[in-house]
Undergrad: 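I have a structure I would like to understand better, so I am pasting it below and will then ask my questions one at a time.
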Amino acid sequence: MSESLLSDAGKRLQAAMKYVSISEDAIERLKYPKFSLNVSIPVRMDDGSLKIFQGYRVRYDDTRGPGKGGVRYHPNVSLDEVQSLAFWMTFKCAVLNLPFGGAKGGITLNPKALSKLELERLSRGYIDAIADFIGPDVDILAPDVYTNAMVMGWMMDQYSIIRRQISPAVVTGKPLTMGGSVGRDGATAAGAYFVIESILPKLDLIPQQTTVAIQGFGKVGSVLAELLAIAGYKVVAVSDSQGGIYAKKGLDIPSIRQYKASSQGIKAVYCEGSVCNIVEHEVLTNQELLALDVDILIPAALENQITEENVDSIKAKYIFEVANGPITSAADKVLESKGIMVFPDILANAGGVTVSYFEWVQNRSGLYWTLEEVNQRLRQKMVEESKQIWSISQELAISLRTAAYVHALNRLGEALSAKGTRDYYINGRVS
Ligand code: GLU
């Protein structure tokens, strides 16, 4: 049997441990999720039948604040996956210095096989099942793979019905009319863009001469592709779950986005209608896209995409992990030995949760910000933490991933130790 996602994620913690001087107690606490819930959600389907779905919510750690993290709808959702995603959220929130712990949720389903009404009943049923374990000061939900503002709106509404009070701050990523924040939709892509923008000058890369391939053309990958194309980068390949397209001289991203929105996927772009005439392109598989000889590779889909099996085929110089956990720890070692620099998920995709934090602050204060304010605060946070992680990696001569974990561990360790450690109790009284 292959190794569990959570134990693979834990290897990143071990790699960082030797560079921090935090108590053993703190490390021990971070090895296990604090709270894992598995619920069965009964849903009345449109044809009158009853179907039971499996749902999860995991609060990995809440020492630095209430749990925070998205809810994923996907056929592969399992407790192990949700636990590892909650682990990554814990470190991501600490990297960005957000006053949150880490959490995650999910439901095992194929969302494309359900009608909108069935999805609504399922989303409300999920909240009925977990309502006692979430809350604006306990654990705050958000969108993730195949969930969006509409789903978040149903969830926040259902929670408000149960509590008999309007509770916008229990969910982020809501529709604007229900207390959502401007800028939340494109925040993960914008955050990744700010990281690229702040670090690439250190690597002497000029946008117009930099080629980019993006795996995943969903709500993050497609927006990031457009931001990069506008800035002059040559986005030569993009893909979705059905496959991808490649053009040496660069793709016309705005047209592809438009086309994808009005059709089922990138596949529909293949030489049908106007986009094909704009630029000639070749069709490729996701595996071929990952193996392209480009400057920057951006996995923006799901976890476990670059593994021991395909790592030898990777030729990109830099990888930006916009998905959560797209590279296994074994593949990481190979990439490092090949001199390929990886910008880790817990930094590169942290823009989403950062604007979620802004949304939560706005909900609690009742004062709403402009898009300019949101973007300016997001930029400042992403640039600041990127710089710190870059310096740690240079000073200690370690990978950016290990540096990001060191940075997060220092913050987590401090918070955990403030509650008392072994030394504190053994070495006598409080003075
Ligand atoms: N699902 C996103 C992530 O993995 C956002 C989480 C949030 O906003 O709480 O970072």
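Keep in mind that this is a model prediction, so the values were computed, not measured. One-based numbering, in listed order, for ligands and for the atoms of each.
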Undergrad: May I ask you to identify the nearest protein heavy atom to atom 7 (C) of ligand 1, giving residue, atom name and distance to one decimal place in Å?
TA: A142 CB, 3.3 Å
Undergrad: Counting heavy atoms only, name the option from A187, G70, P143 that's nearest to atom 2 (C) of ligand 1.
TA: P143
Undergrad: One residue to check: R72. Relative to ligand 1, which of side chain, backbone, both or neither has a non-hydrogen atom less than 4.0 Å away?
TA: neither
Undergrad: Taking the six-membered ring for Trp and the full ring for Phe, Tyr or His, determine whether the centres of Y60 and W88 are under 6.0 Å apart.
TA: no
Undergrad: Search all heavy atoms of F194 against all heavy atoms of M382 and return the closest pair with its distance.
TA: CB-CB, 3.9 Å
Undergrad: Can you check whether E303's main-chain N or O pairs, donor with acceptor, with Q305's side chain at less than 3.5 Å?
TA: yes
Undergrad: Can you find a non-hydrogen atom of E359 under 4.0 Å from ligand 1?
TA: no
Undergrad: So which heavy atom in the protein is nearest atom 10 (O) of ligand 1, and how far is it from that ligand atom?
TA: K92 NZ, 2.6 Å
Undergrad: What part of N324, side chain, backbone, both or neither, has a heavy atom within less than 4.0 angstrom of ligand 1?
TA: side chain
Undergrad: Suppose I only count heavy atoms of V353 and a 4.0 Å limit; which atoms of ligand 1 are within that range?
TA: 7 (C), 8 (O), 9 (O)
Undergrad: Polar-atom distance check: T172 versus ligand 1, any N or O pair below 3.5 Å?
TA: no
Undergrad: Apply the side-chain contact (heavy atoms from CB on, under 4.5 Å) test between K68 and each candidate in T90, D139, L141, I140; give the one that qualifies.
TA: I140
Undergrad: Can you label the angle between the F91 ring and the Y405 ring as parallel, tilted or perpendicular, going by 30° and 60°?
TA: tilted
Undergrad: Is there a donor-acceptor contact under 3.5 Å from the side chain of Q215 to the main chain of P299?
TA: no
Undergrad: Show the atoms of ligand 1 that are less than 4.0 angstrom away from any heavy atom in G69.
TA: 9 (O)
Undergrad: Atom 9 (O) of ligand 1: which protein heavy atom is closest, and how many Å away?
TA: K68 NZ, 2.8 Å
Undergrad: Hey, which atoms in ligand 1 end up nearer than 4.0 Å to a heavy atom of K104?
TA: 1 (N), 3 (C), 4 (O)
Undergrad: So is R59 actually on top of F35's ring, under 6.0 Å and inside 45° of the axis?
TA: yes
Undergrad: Which atom pair, heavy atoms only, marks the closest approach of A190 to L378?
TA: CB-CD2, 3.9 Å
Undergrad: Does ligand 1 have any atom that is closer than 4.0 Å to a heavy atom of A350?
TA: no
Undergrad: What atoms of ligand 1 come closer than 4.0 angstrom to any heavy atom of D144?
TA: 1 (N), 2 (C), 4 (O)
Undergrad: Considering only non-hydrogen protein atoms, determine which one is nearest to atom 5 (C) of ligand 1 and report residue, atom name and distance to 0.1 Å.
TA: R184 NH2, 3.5 Å
Undergrad: Do the side chains of K34 and D62 get close enough for a salt bridge, i.e. N-O under 4.0 angstrom?
TA: yes
Undergrad: Which residue and atom name correspond to the protein heavy atom nearest atom 8 (O) of ligand 1, and how close is it?
TA: S356 OG, 2.5 Å
